[in-house]
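Per chain, numbering begins at 1; letters A, B, ... match sequence-line order.
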There are 2 protein chains.
Amino acid sequence: MQDAPNRPYHHGDLRRAVIETALDMLREEKGWQFTLREVARRAGVSHAAPYKHFPDKAALLAELAMIGFDRLREFLSAAKPTTPKSLRDEITAIARAYVAFGMDNPALYRLMYSAEEGQAVGIHLNERALAVFDILLEVLRRGQAAGSIRKRPIEGQAAAGWGLIHGMTMLAIDGLLVPEKVGSAPLDAALSTLVEGLGSPATLGAPATTSVRGRKTKLSE
Amino acid sequence: MQDAPNRPYHHGDLRRAVIETALDMLREEKGWQFTLREVARRAGVSHAAPYKHFPDKAALLAELAMIGFDRLREFLSAAKPTTPKSLRDEITAIARAYVAFGMDNPALYRLMYSAEEGQAVGIHLNERALAVFDILLEVLRRGQAAGSIRKRPIEGQAAAGWGLIHGMTMLAIDGLLVPEKVGSAPLDAALSTLVEGLGSPATLGAPATTSVRGRKTKLSE
DNA sequence: GCCCCTAAGTAGTCACTGTCAACAATGTAT
DNA sequence: ATACATTGTTGACAGTGACTACTTAGGGGC
């Protein structure tokens, strides 16, 4: 270069710098379609340097996605009220934090759930994702033990919760939950619905009599 | 070309052919990261020909996404049982069809909810998406009128439903609803939870006593 | 103190992409 | 028939991910 001969040949910690720069770009742009060369450029390094630290672009994206899940898990843990008044409070707090995380980091969030397109990276990635899932599982398990949550297969309940929150987050990011169409607090409304669905039979009585039981309802085959 | 002088100079209906070819490629590959040149190649046409019909690649993607929403709406309408035994049956049928559509067309489905990254195309796209939303709205409205659905702001309930189903679909596509972790029929479990949450107080009794009423639960401010 | 080894940079190249401009073939209105 | 708009074509351009070969900084063994 002509203007930076003082820059040391060895960067020091280029790996971290690349990740940091990429995270910055995720924060600035809304998509994750940045180029590796641009990352290198902004890190002040030649276009091939990142390849010394990541085998290819997909590897970097996978790394970013894993960091995203880690941050999300930490964020949710931090948002969990220390002395919740009720299980509903706890679930509500977690759900709000989750959606807030997604809306604050739309590109990162979208990347987290898109990185699987890079095939087999999914293994480790799913581990991180399921670690987030476990937070929800734990709350529900405690709720079942305390009797305030229906005694149903807990994974189904957790899947319902995760699906709901994930779905609402994606819709919110996509701008599909416009206030005029959907009211000002769609998440809370949805959460009420969900929590009431999870609520224990002691208060709610028997499930509706509309005969789900006898039907073969396997989806996954 | 040297081997295809018999191909007529004018294709006839290249616009449709490009769309059709692109849809094929969406069906084959799991991502929507196909190249425009490849589409042109498979359509048997020069690499720049599609530009006579689409200003750029994003325009084609947006068109595909709209087609996807249209197909989804038709598919859901067709799946709606003609003489439903109950509202639960109806909701269940729609939800299953929705998830099935997503799992049968993972790349297209993902594209449908990713195309907004191409900025302002979102207007028309959201129209199509909201047309799907309206199907759900209509069912719920009918349910409220019949008394089998709680009288709550219907947009919140619909958002809950859409969010849940959309989220479960995405998770299913991503392979995050693995059977070992989550049971074999997570959707049905989630649906039970949802429908019980939507269910009218007449059957279900008063909502859980975990004090939702008095609390300010606005999220969006 | 010296030498050499290697990790971590560099530049250069390749095939490929999206996009555009210039040109050719085709159908159509006058 | 002739001018024209449409819809193809070819060829170019810059920018990309990926790979290779070269160069350098810095540390450990002697």
- Item | Of the listed nucleotides C:dG9, C:dA11, C:dT19, the one nearest the side chain of A:H53 | C:dG9
- Query: Which of residues 18-26 of chain A sit near DNA chain C, with a heavy atom under 4.0 Å from it?
  - Reply: none
- In whole angstroms, how far is the C1' atom of C:dC20 from the NZ atom of B:K57? 17 Å
- Message: For residues 45-64 of chain B, which residue pairs pass the ring pair (Phe, Tyr, Trp, His ring centres under 6.0 Å) check, not counting sequence neighbours?
- Response: none
- Message: Once you apply a heavy-atom cut-off of 4.0 Å, does A:K52 come out as touching a base, just sugar-phosphate, or nothing?
- Response: base
- Item | From D:dT10, C:dA11, C:dT19, nucleotide with atom closest to B:D56 side chain | C:dT19
- Query: For the atom pair CD (A:Q157) and OG1 (B:T193), what is the distance rounded to the nearest 0.5 Å?
  - Reply: 5.5 Å
- Query: How long is the line joining OH of A:Y51 and C1' of C:dT13, in whole Å?
  - Reply: 14 Å
- Item | Whole angstrom value for the distance that separates C1' of C:dG18 from CZ of B:F54 | 15 Å
- Message: Base of D:dG15, side chain of A:R37 - is there a donor-acceptor contact under 3.5 Å?
- Response: no
- Message: So, under a plain 3.5 Å distance rule, would you say the side chain of B:R15 forms a donor-acceptor pair with the base of D:dT7?
- Response: no
- Message: Measuring to OP1 and OP2 of D:dT16, would you say a side-chain N or O of A:T35 lies under 4.0 angstrom away?
- Response: yes
- Query: Looking at CG of B:N105 and CZ of B:R27, how far apart are the two atoms once the value is rounded to the nearest 0.5 Å?
  - Reply: 7.0 Å
- Message: Can you tell whether the side chains of A:D174 and A:R110 come within less than 4.0 Å, N to carboxylate O?
- Response: yes
- B:E38 has an atom CD; how far is it from atom C1' of C:dC16, in whole Å? 12 Å
- Message: For A:R71, give me all partners under side chain to side chain donor-acceptor pair (under 3.5 Å), at least two apart in sequence or on another chain.
- Response: none
- Message: Between the base of C:dG9 and the side chain of A:H47, is there a donor and acceptor pair under 3.5 angstrom?
- Response: no
- Mind calculating the distance between CZ (A:R16) and P (C:dA8) to the nearest angstrom? 14 Å
- Task: Rounded off to whole Å, could you give me the CD-to-P distance for the A:Q33 and D:dT16 pair?
- Result: 13 Å
- Task: State plainly whether the residues B:R88 and B:E196 are in salt-bridge range, i.e. N to O under 4.0 Å.
- Result: yes
- Where the side chain of B:S46 is concerned, which of D:dT10, C:dA11, C:dT19 is the nearest nucleotide? D:dT10
- Message: Tell me whether A:D56 contacts the main-chain N or O of A:A59 through its side chain, where contact means a donor paired with an acceptor under 3.5 Å.
- Response: yes
- Phosphate-side-chain proximity, B:R41 and C:dT17, N/O vs OP1/OP2 below 4.0 Å: yes
- Query: Atom CG of A:L14 and atom P of C:dT10: how far apart are they, to the nearest Å?
  - Reply: 8 Å
